[in-house]
Amino acid sequence: MDKGKAVMSMGRRWAVDFTDNSTSPSSRDVPDPLGFTRTSQDQDDSTLSREKKNAEANWKSQKAWEVAQAPFKNLMMMGFMMWMAGSTVHLFSIGITVSALWQPVSALQGVGKVFEPYKDSKVDLLGPKLVFIALNLVGLGLGVWKLNTLGLLPTHASDWVSSLPPAQEVEYSGGGFL
Amino acid sequence: MEIRAFLLCIILFCSSYTTLALYEDQVGLMDWHQQYIGKVKKAVFQTQKAGRKGVVVSTEENAIAALDLRHGEIFWRQLLGVNDAIDEIDIALGKYVVTLSTGGSVLRAWNLPDGQMVWESLLLGSKPSRSLLLTPTHFGADKDNVILVYGNGCLHAVSTIDGDILWKKDLAQNGIDVQHLVHHEESDTIYALGIGDTSQFEAYVINVRNGELLKHSSMVFPGGFSGDLSLPTSDKAVVLDSSGSILVSISFVGGEINFQEDQISDLLQGYSGAAVLLPSKLAGMVAVKIDRSLLFVEVKAEGTVEVVDTVPHVEAVSDSLSFAEGQTAFGLIQQDGGKIQLTVKSSNDWKSHFLKERIEFDQQRGLVLKVFINNYVRTDRTYGFRALIVMEDHSLLLLQQGAVVWNREDALASIIDVTTSELPVQKDGVSVAKVEHNLFEWLKGHLLKLKATLMLATPDDVAAVQRIRLQSAEKSKMTRDHNGFRKLLIVLTRAGKLFALHTGDGRIVWSRLLNAFCKSGTCESPRGLKLYQWQVPHHHALDENPSVLVVGTCGYKSDASVILSFVDAYKGEELNYLAPAHSIMQVIPLPFTDSTEQRLHLIIDAEGYGHLYPRTPEAVDIFQKELGNIYWYSVDVNNNLLKGHVVKKNCKVEIADGYCYESSDLWSVVFPSDSEKIIATSTRKLSEVVHTQAKVNADQDVLYKYISKNLLFLATVTPKAVGDIGSVTPEDSWLFIYLVDTITGRVLLRMSHHGCQGPVHAVFSENWIVYHYFNLRAHRYEMSVVEIYDQSRADNKDVLKLVLGKHNLSAPVSSYSRPEIMTKSQSYFFTHSVKTVAVTSTAKGITSKQLLIGTIGDQVLALDKRFLDPRRTVNPTQAEKEEGIIPLTDTLPIMPQAYVTHALKVEGLRSIITIPAKLESTTLVFAHGVDLFFTRLAPSKTYDSLTDDFNYALLLLTIVALVIAIFVTWIWSERKDLQEKWR
């Protein structure tokens, strides 16, 4: 089409477009052949498609539950990795902790997107979503707990006073030897 | 917090142990070193032989130095101890410099070419006396030369070869003050001439070979004598009578004494005042000072005297110099305004003079104090003269052929106080051209550096790189820099001269002999005491130049009046000077500034009245508001008394001028004088910045530092232990240390060290004190650290409250709240004896601290504060190790790399000053003594900037290479894609 247009603009006076993708009758100038009705074809499939749809909904909800439980495996692996990383602050443990925090957060941000393919009027996605969120929150909790064991959370008094400037003094004194 | 701790760990890890090591090629990059000798006392020229022409001088800083006559550089220099003042100096046998020091009791010979000591002999005597040195040229045919030394009442003959004492003769019995040793050419006898207690003239005739007293004669002069004997010829002495109006010439040939009197009024018609005999040794003449004029009096062979001439406005007269065949000459200096006139006259013939030169020179040098002359042979075989003059500002100048050949600013050898000033802010459009000009060179320099990095450089290139680094124009610019490395060091010297040195290269930016410190009728002996920053313009007074306040006093008594001088820090102009009537005991810079950023200062006089400066109503307003919160304390060493005072109200009407304040005594701490004697005090630096009040341990525990500017560290010893080390047994010696709050007089801490002795050198910073003393039991020096923590704040542990800010940790505190304190301390052995201790200071106080220790070897050693941490244990836990706690050892380690002064020595080191740079990691260090040394230190390495050595060219090259690589690979991939598509 593009090429055709380009050619046309270059000076062709006419062209015939043999391809015709349009499906709606209104867009066509040519009437349908006799004995061919578009609507009847759709109606014939309706009973068949309903069954098909039910199966699909079942499949979707099953899939949704699977997706909802996926973070659990992740959780186990994360726990293992954290145990491996130890409790001292170094590059590896920080990397693990950051990823342990980042994964649930990003997953939570994309809750809608994850369940997008399984969206259906007949499928109840609330349950899987809640499970998914809960598992991710557990993952986040695990990350925070790890952060705390590394001592990177400001939970001690020392974390809040470490940059506290010295108090001002009311009195001023000078002197000594000259 | 933990992140901070983690970063700190990284910093500590980076900085552990090798912080200060310097590569050989980094020497001189950020440090400079200047050598001085001090005010010259005596000079002896050494120009007889071919080779290096020099002059040997002795100075008031107890230095002996040989200077190059061409450029004034130091050939060699030897510094004697502080108590080893040099009395006399001479050259013997043409190859030894002989010095007599410590009141005539130590005689040393130094090798003339290189300054190595050849021999030393100790001359003991019965009682102190003046010291005289006589190095006769030769005694007849005898080759074995002797040096005759009179000191401590004894006459010694010392062999020049090895310093052996040949004979000794005690002349002290009669209470005679021997003033001259005279040796007649080619004879075996010497005369020792002096004046006795009852104004008798005494002459001893002594055999040089064995010290046998050949004859002793004395004769009483009824009028009495005043002043010293002068010796115009080798057989006549001249002295003034007690009234100063009669000139007495004494002949003493063969021990026969004859007096001949001449009235001064006869010599100079109509003169009736008192005269003074000048000590200059002139051949056949004496110089008598009358008012501002000099009377030259010739002493004839028969004993008669005759006035030759009267010369007005003479500042200095040299000794006479004999040259050629029996010719003698002497130099005299007259001065008016910015010109000096040097006249070299012949002693034999007054009418003629060898030289008469007028020389213009810097007004900032004051008057001429001394002149030494020397002759040389010109190419046309006539004689020329050069003169070495010592000025009022202690500088040394060589005059030759009507010009100043060189000058040395030797006032810098005796710095009293130092302060700093920021440089002017760089203005737009001022230095752009300069930068552009330098761009090519910058690139060239970096390319050379790159070559050096890649090992492609030739030795010439390496030398060029080093030269570029050393002469970087960047470091000596006259504007403020981003990192705050460039500053002006304003130094006050003992001569009363103020210098501004540039921290980049140590050059003198300006110098000024202060008018306020010139002698006058009301001010007999002015001397500088302290230097303060008077005005430091900040935001709203940025157009004004900063200024400094020089505080001085008119004399040595406590009631001598004060001198205040205000000097512009950029130009060196004396803006104003005040000579108020009151005296000075203490100067207290107050923590308030007025609207023009002038700092308020309170000067306490001897009666305890406070005088407020600046004298403006605004300053009074500011001060009145704080009245009642201003305290001061005084340490009376003689009476073992520590007293606290509060400034209360205006003075009584009789003496009130509105700026005078009365203070009342609040408390006093009396140390029992039979058991304790104050030997040292120390306080925190006023300008010190502390970053935080909390100290966090490895186990998350918080300790609150007790940070107060009003704390005084004081050390006392038992009176027996005041003397030198070893003068007392360990059992009798106690050292006590005190921490006293100077507001309330509360003694926070008292600690005793049994068997320990001073001298105590202490440094006080943040919440800790480190002090150095001698342990008599262990026979070693020790250093102790005391850290003070505030126990009353320790309960602030509720995180929620801290998060919400519901705590009173940052509320203003009063010393009257009497907080509970806790101290921790620990002691360690330390190998060196110490001259001074200082601590690094940084802009925000975050960087870890280092102690700067001025060792007895005149070097500066940097020691991490971590080594002086009372929490050190023998086996620290893992957590403590992570925190940076070093396992406890009995001795503080001294790492050779930790010498800040690397291979150099700061001779006669007196003080170390640290100045924070704008860059938090960096501190500027200035050490001064006879030498000056300046460097930049980063106690935790420069964690906040790239080093100077950073190779920008390499970085640039890498980036360019990477960009090219990206382009090339992109083009490749495009091509490959296309080929794929065509397939």
Side-chain angles (χ1 to χ4, degrees), chain A residues 1-4 6 78 81-105 140-178, chain B residues 1-6 9 529-530 584-591 602 604 626 629-635 637 644-645 681 683 686 690-694 696-697 700-702 704-705 707-710 712 741-743 796-799 802-803 807-816 882:
Chain A
M1 287 272 272
D2 279 352
K3 270 185 183 169
M78 216 68 225
M81 294 274 274
M82 280 176 183
W83 176 70
M84 289 290 284
S87 65
T88 47
V89 179
H90 50 79
L91 204 63
F92 186 60
S93 65
I94 286 185
I96 295 281
T97 316
V98 167
S99 79
L101 288 170
W102 180 245
Q103 268 186 6
V105 169
L140 195 69
L142 198 69
V144 170
W145 171 79
K146 182 69 193 172
L147 210 61
N148 192 30
T149 51
L150 289 179
L152 296 179
L153 278 189
T155 51
H156 292 276
S158 58
D159 303 322
W160 295 94
V161 295
S162 63
S163 55
L164 207 63
Q168 273 201 325
E169 286 175 282
V170 178
E171 294 95 354
Y172 180 82
S173 161
F177 294 112
L178 184 78
Chain B
M1 167 56 222
E2 276 295 335
I3 293 168
R4 187 187 306 277
F6 173 63
C9 280
L529 291 174
K530 284 268 182 186
I584 176 169
M585 202 166 68
Q586 285 175 9
V587 185
I588 302 170
L590 300 169
L602 192 69
I604 309 284
E626 295 293 333
N629 282 333
I630 309 288
Y631 295 74
W632 59 280
Y633 66 94
S634 54
V635 184
V637 181
H645 319 264
T681 61
T683 52
L686 280 176
V690 181
H691 176 241
T692 172
Q693 54 173 303
V696 181
N697 294 346
Q700 304 293 321
D701 216 12
V702 189
Y704 291 92
K705 299 173 186 171
I707 295 166
S708 168
K709 292 224 153 135
N710 305 323
L712 173 73
D741 188 311
T742 53
I743 304 287
N796 284 301
K797 292 222 165 114
D798 192 341
V799 179
L802 290 169
V803 173
H807 56 80
N808 58 354
L809 290 174
S810 41
V813 290
S814 164
S815 288
Y816 288 105
E882 257 172 49

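Quick note on labels: first sequence line is chain A, next is B, and so on, each numbered from 1. On a predicted model such as this, the values are computed, not experimentally measured, just so you know.
The choice from L686(B), N697(B), L602(B), N629(B) that makes the most heavy-atom pairs within less than 4.5 Å of chain A is N629(B). For the set V813(B), I588(B), V702(B), the count of heavy-atom pairs under 4.5 angstrom toward chain A peaks at V813(B). When A694(B), P591(B), P589(B) are compared by the number of non-hydrogen pairs under 4.5 Å with chain A, P591(B) comes out ahead.
Within the 4.5 Å cutoff, the side chain of M78(A) has no heavy atoms near those of the K146(A) side chain. Between Y633(B) and T683(B), some side-chain heavy-atom pair lies under the 4.5 Å cut-off.
Using a 4.5 Å cut-off between heavy atoms, S708(B) touches chain A through backbone and side chain atoms alike.
Residues satisfying the side chain to side chain donor-acceptor pair (under 3.5 Å) test with S814(B), not counting sequence neighbours, are E171(A). Annotation: side chain to side chain donor-acceptor pair (under 3.5 Å) contacts of Y631(B) (sequence neighbours excluded): Y816(B).
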